[in-house]
Amino acid sequence: MPIYQAPLRDYQFILSELLSIYQRRDLQGFDEIDAPLVDAILQGVADFTTDVMLPLNSSGDVEGCEIVAGQVRTPTGFKAAYQQYVDNGWATLTSDPDYGGQGLPESVGIFATEMNTSTNMAFAMYPGLTHGAYAAIHAHGSEALKAKYLAKLVSGEWSGTMNLTESHAGTDLALLRTKAHAIDEQYYAISGEKIFISSGDHDLADNIVHLVLARLPDAPAGVKGISLFAVPKYRVNDDGSLGEHNGVVASALEHKMGIHGNSTCVMVFDGAMGELVGKPHQGLRAMFTMMNEARLGVGVQGLGVSEIAYQNALAYAKERIQGRALSGVKAPEQAADPIIVHGDIRRMLMAQKAFNQGARALMGQQALWLDESHRANDKSLAANASKLAALFTPVVKGFVTDQGFKACVDAQQVFGGHGYIHEWGMEQFVRDSRIAMIYEGTNGVQALDLVGRKILSDGGAALALWAEIVTSFIDEHKSNDAMLPYIMPLRDALQELQQATSYISTHAGHNPDIIGAASMPYMQMFGIAALAWMWARMAAVALEHSSQEQAFYQDKLKTAAFYMAYWAVQTRSLGAQIESSSEIICSLTEADF
């Protein structure tokens with residue numbers, strides 16, 4: 001079975017030293033947390049995920065889910081583990097205390113999510129999607145709807161899903177055909193079929209609340225005619241007890257590449273009774289609350305699986321002997337040297353390590369922006385945080401899952417032939433992590449969203465806001481010689497990003513197809529620059545503390561230096577790629593393929 005050690009010291013570093021969350025008394029609720037409390041919570045999550053969830057990861061992958069007598073049955077051990085998860089209160093961490101939640105900041109909860117995903121991505125999706133359903137109803141539901149559903153969703157007694165995709169319409173929700181007809185002033189009859197519904201049916205919770213996109217009879221065409229409905233598997237009586245089955249069934253399970261322990265269902269709604277979430281024809285706005293939270297969660301999936309893959313590759317590279325170092329024998333007492341002496345193995349491991357730690361810091365920053373947007377008393381601070389969180393949402397989803405998957409492939413490569421064999425776990429990590437690049441909007445869609453909506457639509461205002469923050473950081477540290485190896489590559493990466501932005505905005509005016517042609521390398525460029533910012537900030541903290549806990553902080557500085565030398569420089573080639581290939585891509589016709 002693969003090994004896992006929760007990166008608790010890294011969490012402490014990010015929360016306490018990099019983001020300084022315990023000094024943020026300007027944020028509502030932050031005065032109720034301190035380092036000992038948060039450390040204890042994260043240690044508890046680490047113990048649960050390592051002891052309970054990790055042992056089920058491989059067996060759940062082999063066994064998978066099945067439909068028995070019309071009910072989806074999860075792999076052996078999942079139901080008991082889920083009940084323990086609920087009993088321990090892990091489902092309630094960041095939810096509203098008014099509905100039974102603990103009210104912890106997202107900047108704390110994000111790392112619980114990482115540990116969940118590292119140890120068992122398929123299992124973690126059940127409570128993850130439930131929290132997304134909670135968030136959508138909490139933000140857009142009526143008081144009656146909140147009273148009906150939120151406490152049960154928060155506790156984990158009930159679970160939730162999101163139902164968007166139809167067989168003829170993937171990302172293009174304007175094409176969806178699911179219908180909703182009013183029964184009375186409260187209820188609607190929902191009819192249609194949805195596919196690829198994660199956690200669509202299972203035996204873990206007593207009820208499942210499906211959030212379903214559908215059209216009312218008077219709906220205008222396109223995305224402006226979509227409404228959102230809460231449709232429970234079992235109807236809920238006035239006293240909160242469960243009533244009869246509600247005309248929603250999982251007609252099939254998708255046969256898929258990975259995450260076999262999670263039930264990916266074809267859902268059929270046959271006159272199922274649902275209630276409107278938000279206003280008619282504004283369902284997409286409400287669903288985006290759930291989708292944007294899900295996109296951050298998917299980004300964490302990219303990081304979480306990459307982290308456990310790295311840990312196992314590192315352990316293997318230290319033990320596996322093969323060949324001798326080119327510079328001479330390193331382990332004369334053995335028949336060969338451990339493969340970690342070889343340059344290419346070191347390259348792959350360091351690329352994973354630098355990415356994982358940088359991405360983890362970025363996830364923490366993104367979560368803190370979300371906290372600021374909801375909890376700051378200063379309206380200007382909240383507004384800016386909201387802009388930055390929106391700007392970075394496609395980056396943390398698209399860039400992190402792209403590179404997280406590649407890191408898993410590199411980790412598998414370290415194992416050589418053993419990485420292709422199930423018992424080592426690496427091929428499962430590759431299969432499981434692959435979906436994160438696809439669902440919640442494929443990464444190509446994320447790149448289009450970044451360039452088209454987040455960069456060009458506001459004239460680059462959000463990007464300018466972030467660039468100003470980065471530039472201020474560079475100016476603050478440029479007189480410190482010890483910081484120059486970190487801030488100069490950051491400066492160059494930012495300049496390359498700004499130049500690429502200028503190229504796209506200039507050329508898109510007369511040729512909009514440039515946006516699509518350039519968006520993917522641009523998103524990678526943005527992500528690399530963003531992690532360079534995080535690494536420069538981490539280096540600044542490490543330099544201040546290098547005399548204490550020297551090994552930890554020196555390791556941070558070495559990894560930061562590697563990131564700048566190996567990762568940050570890639571913005572140059574990506575910028576060149578954008579400018580040299582985008583117009584060629586646009587000029588191609590179908591006959592050229």
Side-chain angles (χ1 to χ4, degrees), residues 2-5 7 9-10 13 306-361 403-421 424-427 429-430 481-490 492-493 528 531-532 534-536 538-539 542-543 545-547 549-574:
I3 61 170
Y4 176 70
Q5 183 71 44
R9 181 64 185 92
D10 217 25
F13 172 77
S306 176
E307 173 63 27
I308 191 172
Y310 163 72
Q311 289 188 21
N312 283 271
L314 176 62
Y316 184 84
K318 290 179 176 180
E319 296 175 358
R320 172 73 172 181
I321 60 171
Q322 185 169 311
R324 293 293 187 183
L326 297 179
S327 57
V329 175
K330 304 302 179 187
E333 74 283 2
Q334 300 188 82
D337 288 333
I339 62 173
I340 199 169
V341 304
H342 302 305
D344 191 50
I345 298 294
R346 293 186 175 197
R347 177 192 64 81
M348 289 188 288
L349 290 172
M350 280 303 295
Q352 296 164 54
K353 178 181 179 180
F355 165 75
N356 289 344
Q357 293 185 18
R360 180 174 298 120
Q403 300 301 332
F405 172 75
K406 292 176 182 177
C408 288
V409 172
D410 274 352
Q412 182 188 39
Q413 190 74 11
V414 170
F415 278 76
H418 290 289
Y420 205 65
I421 305 302
W424 290 92
M426 307 309 291
E427 59 87 29
F429 297 146
V430 171
D481 290 345
M483 278 293 294
L484 292 180
Y486 312 107
I487 63 169
M488 298 308 287
L490 171 60
D492 293 343
I528 291 169
L531 263 61
M534 301 311 302
W535 269 115
M538 288 191 282
L543 285 170
H545 297 83
S546 57
S547 61
E549 205 178 340
Q550 191 170 12
F552 177 83
Y553 294 106
Q554 287 299 318
D555 183 72
K556 283 292 181 191
L557 291 171
K558 287 182 180 180
T559 309
F562 176 83
Y563 183 86
M564 296 305 180
Y566 182 85
W567 278 99
V569 296
Q570 295 177 33
T571 57
R572 302 174 195 168
S573 59
L574 288 166

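Just the heavy atoms: all of them, side chains too, but no hydrogens, waters or symmetry mates, feed the values below.
The line from CD1 of I339 to CD of E319 is 10.5 Å long, rounded to the nearest 0.5 Å. Interatomic distance, CZ of R346 versus CG of D344, reported as 12.0 Å (0.5 Å rounding). One finds the CE atom of M564 at 9.5 Å from the CG atom of L531 (value rounded to the nearest 0.5 Å). One distance of note links CE of M426 with CD1 of I421; it measures 13.0 Å at 0.5 Å rounding.
Put simply, the side chain of D337 gets close to the backbone of K330: a donor and an acceptor are under 3.5 Å apart. Side-chain atoms of Y563 come within 3.5 Å of backbone N or O of I528 as a donor-acceptor pair. Without hydrogens or angle criteria, W424 side chain to N312 main chain gives no donor-acceptor distance under 3.5 Å. A donor-acceptor distance shorter than 3.5 angstrom exists from the side chain of Q412 to the backbone of G419, with no hydrogens or angles considered. Under a 3.5 Å cut-off, the side chain of Q311 and the backbone N or O of Q5 do form a donor-acceptor pair.
Ion pairing between a basic and an acidic side chain is recognised when a charged N comes within 4.0 Å of a carboxylate O; K353 and D555 show such pairing.
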Side chain to side chain contact (heavy atoms under 4.5 Å, CB included) evaluation trace for I340 with Y316 = CA-CA 9 Å; I340 199 169; Y316 184 84; over 6 Å; no
With side chain to side chain contact (heavy atoms under 4.5 Å, CB included) as the test, would you mind laying out the steps for Y486 and M538 before giving the verdict?
-> CA-CA 10 Å; Y486 312 107; M538 288 191 282; over 6 Å; no
Please test W535 against L490 for side chain to side chain contact (heavy atoms under 4.5 Å, CB included), starting from the C-alpha separation and ending with a verdict.
-> CA-CA 9 Å; W535 269 115; L490 171 60; over 6 Å; no
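Here the closest heavy-atom approach between residue C408 and residue V430 is recorded as O-CG2, 3.7 Å. Here the closest heavy-atom approach between residue K556 and residue A542 is recorded as CB-CB, 4.0 Å. Of all non-hydrogen atoms in A331 and P338, the two that sit nearest each other are CB-CD, 4.0 Å. The minimum heavy-atom distance linking A493 with A568 is given by the pair CB-O, 4.5 Å.
Ring planes of H545 and Y553: parallel class, angle under 30° (limits at 30 and 60°).
Surrounding CD of Q413 are at most 12 heavy atoms belonging to other residues, nucleotides or ligands under 6.0 Å away. A 6.0 Å sphere centred on CZ of R9 holds more than 12 heavy atoms belonging to other residues, nucleotides or ligands.
At a threshold of 4.5 Å between non-hydrogen side-chain atoms, the residues V414 and L349 count as touching. At a threshold of 4.5 Å between non-hydrogen side-chain atoms, the residues T559 and M350 count as touching.
Applying side chain to side chain contact (heavy atoms under 4.5 Å, CB included) to F355 and the options E307, Q403, R360 leaves one that passes, Q403.
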